[in-house]
Amino acid sequence: MSKSRRQFLKKSSLLLLGAAAGCSSKPHAPAEPPPGAPPAFGTAPEVGPAVSVSTFVEAEKLVQIELTKAERNLAAQSWRANLAALYERRTGPRKVSLDPAMAPYSLWNPVLPGEKPGPEHDRFVLGKTDPGPLPAKDEDIAFAPVAQLSRWIETRKLTSERLTQIYLERIAKFDSKLRCVITVMSEPALAQAKTADQEIAAGKYRGPLHGIPWGAKDLLDTAGIPTTYGAEPYRNRVPAADAAVVKRLHEAGAVLIAKLSMGALAQNDIWFGGQTMNPWLVEEGSSGSSAGPGAATAAGLVGFAIGSETGGSIIGPSMRCGIAGLRPTYGRVPRTGAMTLCWSLDKLGPMARSVMDTILVLRAISGPDAGDLSSVPSKIDFDSGSSVKGLRVGYFPAWMKELPATDVDRAALEAIQKAGMVPAEVTLPNWPYGSLDLILFAEAAAAFEELTLSHGVDQLKAQVSDAWPNLFRQARFLSAVDMVQADRLRRKVAMEMARVFSQVDLLLVPSLRDEMLTISNNTGHPSLTLRAGFVEVSTARSDWAPDPAKPLPVFSPARRVPHGITLIGRLFEEGTIVRAGLALERIFGVAGERPPGF
């Protein structure tokens with residue numbers, strides 16, 4: 001710091017201390033600096049509302065620090081000259097609006113220096129399997145996995161148009177019970193299906209997604225078709241262009257049949273049309289925020305769906321609705337044209353009725369896009385016939401003995417050994433991983449700043465303490481210093497995960513273990529959730545904090561519902577967790593069971 005600046009700040013501080021001690025009741029104008037003096041903090045005109053010592057006394061409670069009396073006096077006297085002007089971008093007079101597509105300059109890179117960023121070679125080998133005869137019943141066709149549907153379409157035993165019509169009829173029949181569809185796209189879907197049939201008949205087969213009807217979580221932009229984010233303020237939002245993932249699935253020949261429900265602004269399972277319900281237990285929500293993709297896929301209303309995850313939004317509904325959900329490595333799938341909740345955490349991924357289907361879809365949507373600064377080139381190394389014997393599967397012994405783990409989770413450890421994989425105990429430090437949620441809350445509040453400050457969030461159906469409107473408002477008072485420290489903790493946690501993955505090839509974890517949901521989403525590791533068995537529940541489950549005024553339904557006798565386990569993989573090694581998932585899926589033998597009544 002220059003001498004002139006030191007002298008100025010020293011002089012200013014003494015004047016401010018004198019004022020704080022009662023020597024003067026008038027603020028002192030900054031002294032005129034001599035020619036050639038560099039700019040100094042605290043020399044700008046005072047702006048903003050008056051701030052008192054009591055303001056700091058109360059604010060200290062929010063950020064859990066404690067200043068001395070002298071420190072509070074100095075801070076209060078200098079706030080309007082030192083820091084209030086930092087809010088000019090938002091408060092004016094020189095306001096600068098930030099387009100929703102404008103990402104922060106800082107980027108999260110999940111690959112640590114010196115780490116290998118995934119497979120070195122692309123390899124995608126699918127065994128040619130006989131899909132068997134085409135079922136006589138439409139419902140049996142509807143519940144078939146994509147891998148089977150695609151073979152029937154490729155061999156022209158089934159047309160895309162017929163399959164699309166089957167799903168449209170099922171949506172009309174069952175959506176009133178599930179509330180999982182926001183927009184049905186009957187006419188464009190049937191037109192796409194006819195085109196697919198014509199191309200296939202002409203020998204122009206595009207691959208395993210050609211002619212397969214799918215549903216998009218309603219945060220993926222679709223040109224000329226509403227994309228609502230499940231939120232009241234956006235009900236009439238109609239984008240001009242398709243999201244990158246939508247474009248890629250169009251290019252793969254897939255047929256977009258519906259925009260599926262999501263918890264408003266990607267939280268839980270309540271949207272402006274109500275609550276999306278679980279096909280296996282229609283008295284409870286489907287979980288979220290990929291609520292519609294989970295319910296629609298489980299109920300056989302689409303061939304597959306695209307969901308998104310920031311902190312559990314693919315894993316949660318996949319677990320509860322009994323489907324397979326693949327959350328890709330952060331950066332593998334571009335988010336161009338998708339609603340932003342959290343720039344450094346959001347991921348888009350497939351949700352399907354079988355493990356194989358997830359990798360078929362992932363292959364079609366992977367790769368960088370110029371519109372997403374975090375998207376990167378990546379390879380997939382997958383051979384469906386490759387053995388999983390010898391793969392080391394890490395698990396946390398204590399977690400397997402505690403809720404939310406069940407006997408199904410513990411049985412999965414035995415299945416690992418039966419498949420020829422090797423279970424290995426691993427550990428992580430006992431750190432406050434929940435502190436990382438500061439990143440989520442701060443980024444989400446920034447993404448929806450305008451909606452919050454304009455009171456647009458007041459229109460959302462959910463207005464409880466743990467819903468976005470309250471959290472967005474509270475996040476305004478998070479400390480910027482703690483945001484930086486949380487980011488540093490994030491890197492420290494990433495280093496611990498790198499250590500764990502130097503010992504094992506993948507991890508087996510209880511799907512809803514809070515620490516791992518937070519850790520793996522922040523570090524960007526891929527996950528695969530798949531149905532592993534069934535459990536009985538005597539009370540409906542909810543993503544929301546308990547509300548004594550609205551008790552959840554109770555069941556007697558208890559109800560039988562699916563239960564899933566989750567595999568976590570190394571960065572960009574989705575092929576490994578899918579191979580392991582396929583082996584376990586065969587051993588579990590429960591993927592084909594359907595929700596009663598659908």
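The closest donor-acceptor contact from the side chain of S454 to the backbone of L451 lies under 3.5 Å. Between the side chain of E585 and the backbone N or O of A591 there is no donor-acceptor pair closer than 3.5 Å. Put simply, the side chain of Q267 gets close to the backbone of W468: a donor and an acceptor are under 3.5 Å apart. In this structure, R559 contributes its side chain and A540 its backbone to no donor-acceptor pair below 3.5 Å. With S290 contributing its side chain and P293 its backbone, the two residues share no donor-acceptor pair below 3.5 Å. Using modelled atom types, no side-chain atom of S374 and backbone atom of G331 make a donor-acceptor pair closer than 3.5 Å. With hydrogens and angles disregarded, a donor-acceptor distance shorter than 3.5 Å links the side chain of S160 to the backbone of G211. For the pair Y167 (side chain) and A142 (backbone), a donor-acceptor distance under 3.5 Å is present. Formation of a donor-acceptor pair under 3.5 Å by the S542 side chain with backbone atoms of W544 is found in this model. Formation of a donor-acceptor pair under 3.5 Å by the R579 side chain with backbone atoms of D383 is not found in this model.
Closest approach of P334 to V245, counting heavy atoms only: O-CG2, 3.6 Å. Contact between P131 and R151 at its shortest, heavy atoms only, is CG-CB, 3.5 Å. Smallest separation of non-hydrogen atoms from P226 and K259: O-NZ, 3.3 Å. Counting all heavy atoms, side chain and backbone alike, L256 lies closest to A189 at O-CB, 3.5 Å. Nearest heavy-atom pair, P135 versus I141, reported as atom, atom and distance to 0.1 Å: O-CD1, 3.8 Å. Nearest heavy-atom pair, S511 versus G564, reported as atom, atom and distance to 0.1 Å: OG-O, 3.0 Å.
Looking at D218 and R237, no side-chain N of the basic residue comes within less than 4.0 Å of a carboxylate O on the acidic one, giving no salt bridge. Salt bridge R162/D197: absent, no basic N to carboxylate O contact under 4.0 Å. Salt bridge status for E574 with R363: absent, with no side-chain N to carboxylate O gap under 4.0 Å. Salt bridge absent: D122 and K379 never bring a charged side-chain N and a carboxylate O closer than 4.0 Å. A salt bridge is absent between E139 and R170; no separation between the charged side-chain nitrogens and carboxylate oxygens falls under 4.0 Å.
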| task | Just do the ring-ring contact (aromatic ring centres under 6.0 Å, His included) check on F534 and W280 with the steps written out, would you? | result | CA-CA 11 Å; F534 292 85; W280 288 90; 5.6 Å; yes
| L362/F382 under side-chain contact (heavy atoms from CB on, under 4.5 Å): CA gap, chis, key distance, verdict | CA-CA 11 Å; L362 182 67; F382 175 73; over 6 Å; no
| request: Walk me through it: do T228 and N236 pass the test side-chain contact (heavy atoms from CB on, under 4.5 Å)? | output: CA-CA 7 Å; T228 71; N236 299 315; over 6 Å; no
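Rounding to the nearest 0.5 angstrom, the gap separating the CG atom in D221 from the OG1 atom in T227 is 4.5 Å. Atom CD1 of I380 sits about 12.0 Å away from atom CD of E573, to the nearest 0.5 Å. Considering OG of S289 and CH2 of W271, their distance stands at 14.0 Å, rounded to 0.5 Å. Here the straight-line distance linking atom CD of Q463 with atom CG of N470 works out to 9.0 Å at 0.5 Å rounding. L158 CG to I166 CD1: the interatomic distance, rounded to the nearest 0.5 Å, is 6.5 Å. With rounding to the nearest 0.5 Å, the separation of OG in S354 from CG in L530 is 10.5 Å.
Annotation: cation-pi geometry satisfied between R490 and W108 (NZ/CZ under 6.0 angstrom from ring centroid, within 45° of ring axis). Figure legend: K173 and F598 shown without cation-pi pairing, the cationic atom not lying both under 6.0 angstrom from the six-membered ring centre and within 45 degrees of its axis.
The residue from N521, I314, T329 that alone fulfils the side chain to side chain contact (heavy atoms under 4.5 Å, CB included) condition with K347 is N521. Results of the side chain to side chain contact (heavy atoms under 4.5 Å, CB included) test with M351 over S318, C321, S308 single out S318 as the only residue that passes. Checked options R206, K194, R156; the residue passing with E199 is R206 (criterion: salt bridge (Lys or Arg N to Asp or Glu O under 4.0 Å)).
Counted by atom type alone, D543 and S287 present one or more donor-acceptor pairs between their side chains at under 3.5 Å.
Using bins of under 30°, 30° to 60° and over 60° for the plane-to-plane angle, the ring pair Y234/F448 lands in the perpendicular bin.
Looking at I306 and L249, their side chains come closer than 4.5 Å, going by heavy atoms from C-beta outward.
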With a cut-off of 3.5 Å and sequence neighbours excluded, list every side-chain donor-acceptor pair involving residues 437-445.
| residue | atom | partner | partner atom | Å |
| --- | --- | --- | --- | --- |
| E443 | OE1 | W343 | N | 2.7 |
| E443 | OE1 | S344 | N | 3.1 |
| E443 | OE2 | S344 | OG | 2.6 |

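The side-chain hydrogen bond (donor to acceptor under 3.5 Å, both in side chains) search around D242 returns none, not counting sequence neighbours.
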